[in-house]
Student: 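Here it is, the structure in full.
Here the structure is a predicted model, which is why all the values come from computation and not from measurement. Computation of the quantities below employed the complete heavy-atom set of this structure, encompassing side-chain atoms and omitting hydrogens, waters and symmetry-equivalent molecules. Within every chain, numbering begins at 1; the chains are lettered A, B, ... in the order of the sequence lines, protein sequences first and strands thereafter.
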2 protein chains.
Amino acid sequence: MGTTAEATRAMTAPEPKYWYLRTVLVRAIDSEFTPGQVLPNERDLAARFGVARATLRQALDQLELEGRLIRRRGIGTLVAAPRVGVPVASSVPAGPSGPGESGGGEEAAEGDSWRFVGSGPASAPAAVASELGVAAGASVHTVRRLRVVGGRTVGTETLYVPSAQDGGLHAADPAAPGPQDGRAPLGLAGESRAVELGVAEDAEARLLERPPGSPVLVVTTRYASEGRTAAVAVSTYRADTCRLTFGPDGGGRVEVGAGADRPVRNAS
Amino acid sequence: MGTTAEATRAMTAPEPKYWYLRTVLVRAIDSEFTPGQVLPNERDLAARFGVARATLRQALDQLELEGRLIRRRGIGTLVAAPRVGVPVASSVPAGPSGPGESGGGEEAAEGDSWRFVGSGPASAPAAVASELGVAAGASVHTVRRLRVVGGRTVGTETLYVPSAQDGGLHAADPAAPGPQDGRAPLGLAGESRAVELGVAEDAEARLLERPPGSPVLVVTTRYASEGRTAAVAVSTYRADTCRLTFGPDGGGRVEVGAGADRPVRNAS
DNA sequence: CAGTGGTCTAGACCACCCT
DNA sequence: GGGTGGTCTAGACCACTGA
């Protein structure tokens, strides 16, 4: 019984203990726990599995990275709810009954909005400068806002616009407190996006209510106008709680718990 | 001298050592090293900074997660090259001079293709089943392929198609070895995608030439036909080396080293 | 073989939360 | 105060690489 796992562990380059623990914990979480429930504390778990606490923590680190667990200092380790689907606008005009107050949501936990934080001039970071085609360190106009879903801050966004063109674009200032639609800031067409993994720096971590170093999904959006990049937005989303959704249908409404619960990656 | 950092460390909830180390290393990497260069070994670095090796490793873990470092057992710790931009097709018809052989790339390191791995029936994982609207565990047709960029395997993809409709769709089998275009498999419109963070399981880790538990970007694509989901594809991309690009322009060609080197996330 | 990163241990102290 | 997760240590052994 259960010899399968142990046999695997014995031969062919022994599986690390922490990876084995992760497997066991995944099964336990999926079958015997429900979201919000607290797991036994780390010292107990380590003792129960007969490993050092550091080894157990290595397994928990994995599960937290996968968004299956949430660890809170002073509280305990909780089973996480499925990730919330966060629409990343895709040039889709806000449909009838614009989002923000939900127009027929599937869950109670709606409420998708942007919260204005601040704006002002700043010297363009290297990457942004090259993207905008301005000199490195040149002064650009920035707008900072937060993405709030279901009362939780899940992301941040900084919009960079060359100071020169500010006048023309600022007319319909996109990130002002007002508009809560998921549409593209600025009345521009031809966006292109890139998504990659990053970690939250100090200031950002505070905004996202996470410790520094927490994984985030970094979305870089280029807004093109007349063939040139008119603005760049850099957004970061909590990787633990967010599933970014793209495309025509995902462009408007927050999905929570809808659709697949977990990414699937076991063929055969 | 350097009192700034230490003063910060002293007051206001002392910054963890590993986070401070990360900051120092980031600066060193960006200024004094070039991609491919090897760092001093962990024991030396730890001694140099006056910390335990485990603490230093915590800092290196962060940097590896950010894609700034690559650690190879038996070799050393290398400075990573900027992430490669991997186009995620967006229903854009392959332009003239279809991708695959490059039609005017900006770098020599081109070569973007899919490599067929295998196909066959499989019982649908829960999440896929619900997405396709079939019974959990129902038999579905699967196609597995690898994304190869510049000779390196950077991603995997598993396509799930309900067995019932197989006949009709299979006519233009999309994932067969032949077609190397970045276009959507199946001649379907109305895709929608979701991106989230995951970790590579054992089999997948081998395909991606990474240890189990490595972070991956999981892309779930729904292919709609006549308002219903006709197929689901689950792709995973190495989070350390990939920057996923979306949109009209990013839809065809691999960017490497083009554009921004690093995501920018320091407004102020 | 020597050198590297990967894993694991046993223990300590700290920061935070709740009662 | 008592319990929790977060950080850090000093040391050990293993697995892999390359000469």
Student: Tell me which nucleotide among C:dT9, D:dA10, D:dG5 gets nearest to the side chain of A:Ala52.
Tutor: C:dT9

Student: CZ of A:Arg210 versus C1' of D:dG6: gap in Å, rounded?
Tutor: 12 Å

Student: For DNA chain D, which residues of residues 56-63 of chain A approach it to below 4.0 angstrom with any heavy atom?
Tutor: A:Arg57

Student: Among B:Glu66, B:Gln62, B:Gln58, which one satisfies side chain to side chain donor-acceptor pair (under 3.5 Å) with B:Arg22?
Tutor: B:Glu66

Student: Check A:Ala81 against A:Pro35 and note the closest heavy-atom contact, atom names and distance.
Tutor: CA-CB, 3.8 Å

Student: Taking atom types as modelled, find out whether B:Thr156 and B:Thr236 have a side-chain donor-acceptor pair closer than 3.5 angstrom.
Tutor: yes

Student: Are B:Tyr18 and D:dC8 close enough that a side-chain N or O sits under 4.0 Å from OP1 or OP2?
Tutor: no

Student: Rounded to the nearest 0.5 Å, how far does CD of A:Glu42 lie from CZ of A:Arg57?
Tutor: 4.5 Å

Student: Once rounded to the nearest 0.5 Å, what's the spacing between atom CG of A:Leu21 and atom NZ of A:Lys17?
Tutor: 8.5 Å

Student: Quick check on D:dT4: is either OP1 or OP2 less than 4.0 Å from any side-chain nitrogen or oxygen of A:Thr77?
Tutor: no

Student: Closest approach to the side chain of B:Val51, judged atom by atom: which nucleotide of D:dT9, D:dG6, C:dC8 is it?
Tutor: D:dT9

Student: Under 4.0 Å between a side-chain N/O of B:Thr55 and OP1 or OP2 of D:dT7, yes or no?
Tutor: no

Student: Check this for me: B:Arg152, atom CZ, are more than 12 non-hydrogen atoms of other residues, nucleotides or ligands nearer than 6.0 Å?
Tutor: no

Student: Which nucleotide in the set D:dT7, D:dG6, D:dC16 lies at the smallest distance from any side-chain heavy atom of A:Arg73?
Tutor: D:dG6

Student: Does D:dG6 have OP1 or OP2 sitting under 4.0 Å from an N or O in the side chain of B:Lys17?
Tutor: no

Student: Categorize B:Arg72 for me: base, sugar-phosphate, or nothing, with a 4.0 angstrom heavy-atom threshold over every strand shown.
Tutor: sugar-phosphate

Student: Rounded to the nearest 0.5 Å, how far does CG of A:Leu197 lie from CG of B:Leu244?
Tutor: 10.5 Å

Student: Treating B:Thr77 as the side-chain partner and B:Arg71 as the backbone partner, does any N or O pair qualify as donor plus acceptor under 3.5 Å?
Tutor: no

Student: Under 4.0 Å from any atom of DNA chain D, heavy atoms only: list the residues of residues 37-45 of chain A that qualify, in numerical order.
Tutor: A:Asn41, A:Glu42, A:Arg43

